[in-house]
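Note sheet for the following structure.
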2 protein chains.
Amino acid sequence: MELDALDRAIVGALVEDARSTYAEIGHQIGLSAPAVKRRVDRLLSSGAITGFTARVEPSALGWTTEAYVELFCRGKTSPAEIGLAVARLPEVISACTITGEADALLHIRAKDVRHVEQVIERVAAEAFVVRTKSAIVLSRLIDDTPHAANAAPRAD
Amino acid sequence: MELDALDRAIVGALVEDARSTYAEIGHQIGLSAPAVKRRVDRLLSSGAITGFTARVEPSALGWTTEAYVELFCRGKTSPAEIGLAVARLPEVISACTITGEADALLHIRAKDVRHVEQVIERVAAEAFVVRTKSAIVLSRLIDDTPHAANAAPRAD
DNA sequence: ATTGAAATAAGCATAAC
DNA sequence: GTTATGCTTATTTCAAT
């Protein structure tokens, strides 16, 4: 599906504040409220926008520690196999297979360092995991919480 | 600030769908709409909830490639210095300092592999960067888009 | 201090054009 | 795409626990 400049502006506005009213967004981009709603509905049904969520301060919920864990897997472990295994752990907030020495990279959030260790142990207990290599996050510089700037690749 | 069970349920509901009505949330947790609104307002002003955002499919916006870049910095480069430098690049959607050999880890999104290379070049051009080590994401298994399961540490 | 109920104000959804 | 309209939701007020 093709997104024009207005669609991208709408996405940007909703990324910045998902609770903006259609009228507010319309005013910003020069469109009426119903026109904005129709476009939002279209963006939702096309899958460009997959939903709306609250931005939460992890520390407020007790998630004070985060870590990245590289997974080294045996032989030809499939991405699906890894995904299935780590999806069971709620502490894993992101996982992907990658190029390089390691096979996969996990991003985990936990209550404290001890909790991080428990999660790593659980991951390492999987049959396909040969070894892991972890790095604890010291200070977060840029959050993955989306902002307007990340709504579209820059023109360059 | 202390969050009770009702607050956590509200946060969970809003993480799952930021456009739920107060009445819907109230029905789920056994509270009236105004009571829910008051708690949401409190969660917002206390900073537990920092805002509401749209979940966007990156590929729909042209972000088809992602990578993780480890930064090895010279001497005693401060986290603030790294943060300031990478904040200028819109492709950097996450950045943190970490334990281990590398000093920092960046998560970047780009239009294609060529674009990833350009971003790495720009990062490497910073005076404090000694070298970088990158891994291109092959397949994403778990998204960082928050779901209900990630709204609170599990009881254990 | 926090809640629920009622009343008002605001925004939404759907029509029609 | 816009304008007009009934309907839902948000928000305020107030009494009660």
Side-chain angles (χ1 to χ4, degrees), chain A residues 1-63 145-148 151-153 155, chain B residues 1-57 60-62 145-148 150-153 155:
Chain A
M1 182 198 167
E2 195 67 16
L3 301 192
D4 65 14
L6 287 173
D7 288 326
R8 286 171 178 272
I10 290 171
V11 169
L14 287 174
V15 166
E16 196 153 347
D17 181 7
R19 289 199 151 187
S20 304
T21 67
Y22 295 129
E24 276 169 1
I25 298 172
H27 183 75
Q28 287 172 31
I29 65 177
L31 231 55
S32 69
V36 174
K37 178 192 163 20
R38 269 196 292 264
R39 280 172 179 264
V40 171
D41 288 344
R42 199 163 49 84
L43 289 165
L44 279 166
S45 64
S46 77
I49 296 175
T50 58
F52 302 97
T53 186
R55 274 197 293 258
V56 174
E57 182 61 39
S59 62
L61 289 155
W63 302 97
T145 55
H147 294 315
Chain B
M1 182 199 167
E2 196 66 16
L3 301 191
D4 64 14
L6 287 173
D7 289 326
R8 286 172 177 271
I10 289 170
V11 169
L14 287 173
V15 166
E16 196 155 346
D17 181 7
R19 290 198 151 188
S20 304
T21 66
Y22 294 128
E24 277 169 0
I25 299 172
H27 183 75
Q28 288 173 30
I29 66 177
L31 230 56
S32 69
V36 173
K37 178 193 165 16
R38 273 190 294 261
R39 280 170 177 265
V40 171
D41 288 343
R42 199 161 50 86
L43 289 165
L44 279 166
S45 64
S46 75
I49 296 175
T50 59
F52 302 98
T53 187
R55 273 196 292 258
V56 173
E57 182 61 39
L61 289 154
T145 55
H147 294 317
N150 302 118

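Numbered from 1 within each chain, the chains take letters A, B, ... in sequence-line order.
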Is a side-chain donor or acceptor of A/Ser46 paired with a backbone partner of A/Leu43 at a separation under 3.5 angstrom? yes
Is there side-chain contact between A/Asp4 and A/Arg39, with at least one heavy-atom pair below 4.5 Å? yes
Measure from the side-chain heavy atoms of B/Ser32 and tell me the nearest of D/dG1, C/dG4, D/dT2. C/dG4
How large an angle, rounded to 10°, do the end axes of the helix from C/dA1-D/dT17 to C/dC17-D/dG1 enclose when each is built from five base pairs? 30°
Which atom pair, heavy atoms only, marks the closest approach of B/Arg55 to A/Thr53? NH1-CB, 3.6 Å
Show the nearest heavy-atom pair for residues A/Ala54 and B/Ala18, with the distance to one decimal. N-CB, 3.9 Å
In terms of heavy-atom contacts, A/Leu3 and B/Ala60 come closest through CD1-O, 3.7 Å
Tell me if a side-chain donor or acceptor on A/Thr50 pairs with a main-chain N or O of A/Gly47 at a distance below 3.5 Å. no
Would you give a per-nucleotide map of nucleotides 10-17 of chain C, 5' to 3', where B means the base has a protein non-hydrogen atom under 4.0 Å away, S means only the sugar-phosphate does, and - means neither? -SSSB---
Quick one: A/Leu31 CG to D/dT2 C1', roughly how many Å, whole number? 10 Å
How long is the line joining NE2 of B/His27 and C1' of C/dG4, in whole Å? 16 Å
Below 4.5 Å, heavy atoms only, C-beta onward: do B/Gln28 and B/Val36 meet side chain to side chain? no
dist A/Phe52:CZ -> A/Asp17:CG (nearest 0.5 Å) comes out at 10.5 Å
